[in-house]
Amino acid sequence: MRHRKRSKASAQTLTMTIVLLCILVVFIVLACSQVFVVRDIMVVANRNLLAEEVITQSGVKIGDNLLSISAAQLKKNLEKNRYIEYRGHSFDYRGRLTITINERLGMAVVNVLGLYYVLDDSGMVLECAGSAYPVSVSGPYVVGFSLISNAQVTVGDMLPVRDASQLEAMKKVLDELDRTGMLASASELSVKNLDNLFYTTRDGTKVELGDDRNLHTKLLIAREVLAIREPMGDLMGAKIDVSAGTNAHYIPANLPTPTLVPTATPTIDPSATPGR
């Protein structure tokens, strides 16, 4: 009899424990559902794209639960737009979801088989502009790429080059041109020889960079020289060699012509004339 009472009490205790655990689980679920609710969405690092465009592309809406949002899905949704590169997201105690992106910008133009393509700084093909040069692109026309034979240039893919270091060099130059505020003034960039990179300004000056080391310093030096020489009006056809990375060598388009100094015709002293 005592054994039955003990078994009954144990069963009641077990039942109460299960009920309490269920209540606790429900409470935790409800609490989490409120804590992880997205109440606000912010976009970081967009420059031309509107935040609303990026948010719509992400597929996330106010009221969504953070636990249902994965980085993989965000990346997949966002990068359906080739101008967006997903960099990460975070969530704070106020319910704000922050989405960080890299907005791909048209920073260079290449010509392949008569068609102009717009590239971002990494070499991704953003647009095909057809046979007309895309004048809206702020960066230079890039020449010297060695392309893979018979490879197709596809919008949304990387430019098919034989040597990826050419793209890396282009990216370094473009990024430093942008960083120093000189991107818009660059007309043409050559990456044919990685030890002899150079670009031409819209004023017609060739800036010789050498290799891709110390590009920031080289461009700052070139910028100073350009600022000094511009008022003089002699930039067209000139060269600025900053390949040393410590100074600039300016070579004007027209070197000064040596001026001939008139001199008297030498005469022979009759007394010095040998006798016959």
Side-chain angles (χ1 to χ4, degrees), residues 47-48 103-112 116-124 126-127 129 132-146 159 161 163 165-262:
R47 295 171 66 175
N48 295 325
E103 183 177 340
R104 300 184 187 277
L105 302 175
M107 295 177 68
V109 178
V110 295
N111 186 289
V112 181
Y116 290 102
Y117 295 90
V118 179
L119 309 179
D120 75 346
D121 61 346
S122 70
M124 175 178 279
L126 298 178
E127 299 288 346
Y133 190 90
V135 294
S136 60
V137 178
S138 60
Y141 175 61
V142 184
V143 298
F145 281 119
S146 177
L159 188 70
V161 296
D163 186 357
S165 59
Q166 286 188 312
L167 289 180
E168 293 170 9
M170 180 192 74
K171 176 176 174 56
K172 290 180 180 179
V173 175
L174 292 177
D175 288 349
E176 289 301 340
L177 283 170
D178 189 30
R179 187 179 170 194
T180 54
M182 301 169 70
L183 183 64
S185 66
S187 174
E188 184 174 304
L189 167 65
S190 173
V191 294
K192 183 176 182 179
N193 185 344
L194 298 180
D195 291 323
N196 186 28
L197 301 168
F198 63 87
Y199 79 96
T200 306
T201 71
R202 297 191 186 279
D203 290 326
T205 305
K206 180 181 179 182
V207 180
E208 299 180 345
L209 301 169
D211 59 29
D212 61 7
R213 292 177 295 179
N214 304 317
L215 281 174
H216 186 69
T217 301
K218 292 175 181 178
L219 288 173
L220 288 178
I221 296 171
R223 188 175 69 181
E224 289 300 311
V225 176
L226 288 167
I228 293 170
R229 304 299 306 194
E230 184 177 13
M232 301 178 186
D234 60 352
L235 290 177
M236 178 61 69
K239 295 180 183 179
I240 302 175
D241 185 352
V242 291
S243 58
T246 55
N247 52 51
H249 182 46
Y250 179 80
I251 307 171
N254 299 310
L255 294 174
T257 303
T259 302
L260 297 177
V261 179

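Positions are given from 1 along the sequence.
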Interatomic distance, [X] atom [atom1] to [Y] atom [atom2] [nearest 0.5 angstrom]:
X      : Y      : atom1 : atom2 : answer
Leu126 : Met107 : CG    : CE    : 11.0 Å
Ile240 : Tyr199 : CD1   : OH    : 7.5 Å
Tyr250 : Ile228 : OH    : CD1   : 11.0 Å
Leu209 : Asp195 : CG    : CG    : 12.5 Å
Asp163 : Ser146 : CG    : OG    : 7.5 Å
Thr246 : Lys218 : OG1   : NZ    : 10.0 Å

Those residues that, when tested against [X], pass side-chain hydrogen bond (donor to acceptor under 3.5 Å, both in side chains) (two or more places apart):
X      : result
Ser243 : Asp241
Asp178 : none
Ser187 : none

Locate the shortest heavy-atom distance separating [X] from [Y]; write the atom from each residue and the value.
X      : Y      : answer
Ser122 : Met170 : C-CE, 4.3 Å
Val118 : Gly106 : CG1-CA, 3.6 Å
Leu174 : Ala108 : CD1-CB, 4.0 Å

For Tyr116, the ring pair (Phe, Tyr, Trp, His ring centres under 6.0 Å) test, sequence neighbours excluded, returns Tyr133
Partner residues of [X] under the salt bridge (Lys or Arg N to Asp or Glu O under 4.0 Å) criterion, sequence neighbours left out:
X      : answer
Lys171 : Asp121, Asp175
Arg202 : none
Asp120 : Arg104

Test log, rule side chain to side chain contact (heavy atoms under 4.5 Å, CB included), inputs Glu127 and Val137: CA-CA 11 Å; Glu127 299 288 346; Val137 178; over 6 Å; no
Walk me through whether Asn247 and His249 qualify under side chain to side chain contact (heavy atoms under 4.5 Å, CB included). CA-CA 7 Å; Asn247 52 51; His249 182 46; 5.7 Å; no
Applying side-chain contact (heavy atoms from CB on, under 4.5 Å), name anything that partners [X], two or more places apart in sequence or on another chain.
X      : result
Val161 : Phe145, Leu147, Leu159, Leu167
Glu176 : Arg179, Leu215, His216, Leu219
Lys192 : Ser190
Thr217 : Ile221

Student check: side-chain heavy atoms of Asp212 and Leu194 closer than 4.5 Å: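 Sidechains of Leu194 and Asp212: no contact.
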Donor-acceptor contact below 3.5 Å, side chain Glu103 vs main chain Asn48: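 Present.
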Would a distance-only check, ignoring hydrogens and angles, find a side-chain to backbone donor-acceptor pair under 3.5 Å from Gln166 to Gly144?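 Yes, the answer is positive, given that a donor and an acceptor are paired below the 3.5 Å cut-off.
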Pick one: which of Leu119, Asn111, Val173, Val191 meets side-chain contact (heavy atoms from CB on, under 4.5 Å) with Val142?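 That would be Val191; it is the only one of Leu119, Asn111, Val173, Val191 passing the side-chain contact (heavy atoms from CB on, under 4.5 Å) with Val142.
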Looking only at the side chains, is there a donor atom on one of Thr201 and Asp203 sitting less than 3.5 Å from an acceptor on the other?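 Thr201 vs Asp203: no donor-acceptor pair found between side chains.
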Does atom NZ of Lys239 have more than 12 heavy-atom neighbours, drawn from other residues, nucleotides or ligands, at distances under 6.0 Å?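 Atom NZ in Lys239 is not crowded, with 12 or fewer foreign heavy atoms closer than 6.0 Å.
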Qualifying salt bridge (charged side-chain N to carboxylate O under 4.0 Å, His left out) pairs, either residue in residues 221-232, two or more places apart: Arg229-Asp234
